[in-house]
Asker: 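Please read through the structure below; I'll follow up with questions.
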2 protein chains.
Amino acid sequence: MPARAGKPDAREKLLDAALVLLREKGYGATTVDDLCAAAGVTKGAFFHHFRSKEELGVAAVRHWSEVTGALFAQADYHRHEDPLDRVLAYLELRRTLVRGSAGAYSCVAGTTVQEIHATSPAIRAAADESILGGAAHIEADLAAALARHPVPGVDAHGLALYVQAAIQGAFVVGKARDDPSVVVASIEHVERYVRLLFGRSA
Amino acid sequence: MPARAGKPDAREKLLDAALVLLREKGYGATTVDDLCAAAGVTKGAFFHHFRSKEELGVAAVRHWSEVTGALFAQADYHRHEDPLDRVLAYLELRRTLVRGSAGAYSCVAGTTVQEIHATSPAIRAAADESILGGAAHIEADLAAALARHPVPGVDAHGLALYVQAAIQGAFVVGKARDDPSVVVASIEHVERYVRLLFGRSA
DNA sequence: CTAAGCGTACCGACCAGTTGGTATGTGTCA
DNA sequence: TGACACATACCAACTGGTCGGTACGCTTAG
């Protein structure tokens, strides 16, 4: 993909490679050499763009936020007029995205934060931002839905975070079971929960 | 715990140390030297009891299953007559267990499987068994509750796995947010889901 | 010319695993 | 009873390879 000749693309190639490798092997097991080989770049290029492996970790998680943010921003589930319909369409989209191996469908932020939450504050903070950003995709819609149909003890922020948590957990169990169908089934449970909360029948 | 004098306990000490270190630092970042230091044992003892670090990983996950299995087996939530009450009491127990740092409340199997699911089939299988075992703690009760109050499209096995997934995901978000209160809030959402499913008011 | 972008060669630290050895049983047979 | 063979449990020093990171040189655009 030689978009523009002369433009720096080693950095982009490294970040894209990181998205795959981090999800497949985790942060610790992914070596700098692995990343360079996958990106078709040498170590010199790596440390030209990133001062350390940790700095790449932060950049990769932020890159992940951007990639997924763009994906959901341009998705057409926003077209629904009813905010609850938008939330349900979002969940349906997330469900249909689950295909193939865990390295293809799981989440960079969730995978990475499990390993480094106690050892790398910078990556942990980036992962936190990424997950909050993911929750933000539905938080406003949930707030609007709750305004129309209040549920005692439930607030939009907490519910949005729970949806993210349930999906993250589905990835974990999907990896353990080595079977994406349990991820799909779990997301269906999340959809059922949202419908039950708002008294919407299937 | 000097049960019987002369009995080997380096193995036990290593496994107990592994439960802490694996949850705190993850599998990759936990070195054999770390484990030996935490257990107060030398490397010679480590490789006397385990042929490799991977073999310890498998043993540690199995040890985790035994420890948590014993914890839930002797818990008194089983006393409830109604199976749904037992499930709700189980969730309440899990919620009250969330305190302190992620290294104290999170799950060895879930943390480890994220890293090694693609690289170590043996540990992955052990983690899978552990998570299935966790689901088994409530699966029979869910089956009984569903027998009394069937819910279309919901089976006990899938629901039990979803409960495990939601809790695993709560740990992930708890680590990212560095705040156990989001874990508690997520488990409360799971409790609300179960109550809604079975038409049980709070 | 100059500096950004990238490559090659290399270094020191670290880490999983090895080696060779000690201490303490434990069964057994004269 | 005791001495010999053997096994288990553990220790400390070491090794070979790997990994994150560095030094430095070459190329090309402005």
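Numbers restart at 1 for each chain; the letters A, B, ... are given by sequence-line order, proteins then strands.
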Asker: Can you tell me how far C1' of C:dG17 sits from CZ of B:F47, to the nearest Å?
Answerer: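 The answer, rounded to whole Å, is 5 Å.
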Asker: I want to check something: taking the side chain as every heavy atom from C-beta on, are A:L161 and B:R177 in contact at a cut-off of under 4.5 Å?
Answerer: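 Touching, per the 4.5 Å side-chain cut-off.
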Asker: Grab the CZ-P distance between B:F46 and C:dT18 for me, whole Å please.
Answerer: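 Taking atom P of C:dT18 as the reference, CZ of B:F46 is at 12 Å.
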Asker: Tell me whether the OP1 or OP2 atom of D:dA9 has a side-chain N or O from B:H48 closer than 4.0 Å.
Answerer: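 B:H48 to D:dA9 OP1/OP2: side-chain N or O found under 4.0 Å.
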Asker: Which whole-number value in Å describes the distance from B:E12 CD to D:dC10 P?
Answerer: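 Interatomic distance, CD of B:E12 to P of D:dC10: 11 Å.
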Asker: Can you tell me how far P of D:dT8 sits from CZ of B:R11, to the nearest Å?
Answerer: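 Interatomic distance, CZ of B:R11 to P of D:dT8: 14 Å.
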Asker: Under 3.5 Å, is there a donor on one side chain and an acceptor on the other for A:R86 and A:Y90?
Answerer: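 A:R86 vs A:Y90: no donor-acceptor pair found between side chains.
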Asker: Measure CZ/B:R51 against P/C:dT19 and give the value in whole Å, please.
Answerer: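 Atom CZ in B:R51 sits about 16 Å away from atom P in C:dT19.
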Asker: Report the residue (A:G44 or A:A29) whose heavy-atom-nearest nucleotide on DNA chain D is the more 5′ of the two.
Answerer: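 Nearest nucleotide further toward 5': that of A:A29.
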Asker: To the nearest angstrom, how far is B:E54 atom CD from C:dG17 atom C1'?
Answerer: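 In whole Å, C:dG17 C1' and B:E54 CD are 14 Å from each other.
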Asker: Which word best sums up how the rings of A:F171 and A:Y105 line up, parallel for under 30°, tilted for 30 to 60°, or perpendicular for over 60°?
Answerer: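 Tilted: the ring planes of A:F171 and A:Y105 meet at 30° to 60°.
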Asker: Hey, does the Lys NZ or Arg CZ of B:K53 hover above the aromatic six-ring of B:Y27, less than 6.0 Å from the centre and inside 45° of the axis?
Answerer: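 Yes, a cation-pi geometry holds between B:K53 and B:Y27.
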Asker: Heavy atoms only, 4.0 Å cut-off, all strands: where does A:T42 land among base, sugar-phosphate and nothing?
Answerer: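 Base contact.
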Asker: Identify which nucleotide among C:dG17, D:dG20, C:dC6 has an atom closest to any side-chain atom of B:S52, counting heavy atoms from C-beta outward.
Answerer: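 Selected nucleotide (nearest to the side chain): C:dG17.
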Asker: Could you check whether the rings of B:Y193 and B:Y162 sit parallel, tilted or perpendicular, using 30° and 60° as the cut-offs?
Answerer: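 Plane angle over 60°, so perpendicular.
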Asker: Which nucleotide in the set D:dT22, C:dG17, D:dC10 lies at the smallest distance from any side-chain heavy atom of B:A10?
Answerer: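 Nearest nucleotide to the side chain: D:dC10.
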Asker: Does D:dC10 have OP1 or OP2 sitting under 4.0 Å from an N or O in the side chain of B:H49?
Answerer: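 Answer is yes, contact under 4.0 Å.
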Asker: Write down the distance between NZ (A:K13) and C1' (C:dC6), rounded to a whole number of angstrom.
Answerer: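 After rounding, the gap between these two atoms is 11 Å.
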Asker: Out of D:dC10, C:dG17, D:dG20, which has the shortest distance to the side chain of A:K53?
Answerer: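 The closest nucleotide is D:dG20.
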Asker: Between C:dA16, D:dT22, D:dC10, spot the one nearest the side chain of B:D9, thanks.
Answerer: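 Nearest to the side chain of B:D9 among the choices is D:dC10.
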Asker: For the side chain of B:K43, starting at C-beta, report the closest nucleotide among C:dG17, D:dG21, D:dC19.
Answerer: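 Nearest listed nucleotide: C:dG17.
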Asker: If you check the B:V41 side chain, which of D:dG20, D:dC11, D:dC10 turns out closest?
Answerer: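 Of the candidates, D:dC11 comes closest.
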Asker: Between atom CZ in A:F50 and atom P in D:dT22, what is the gap in whole Å?
Answerer: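 So the CZ-P distance, A:F50 to D:dT22, works out to 15 Å.
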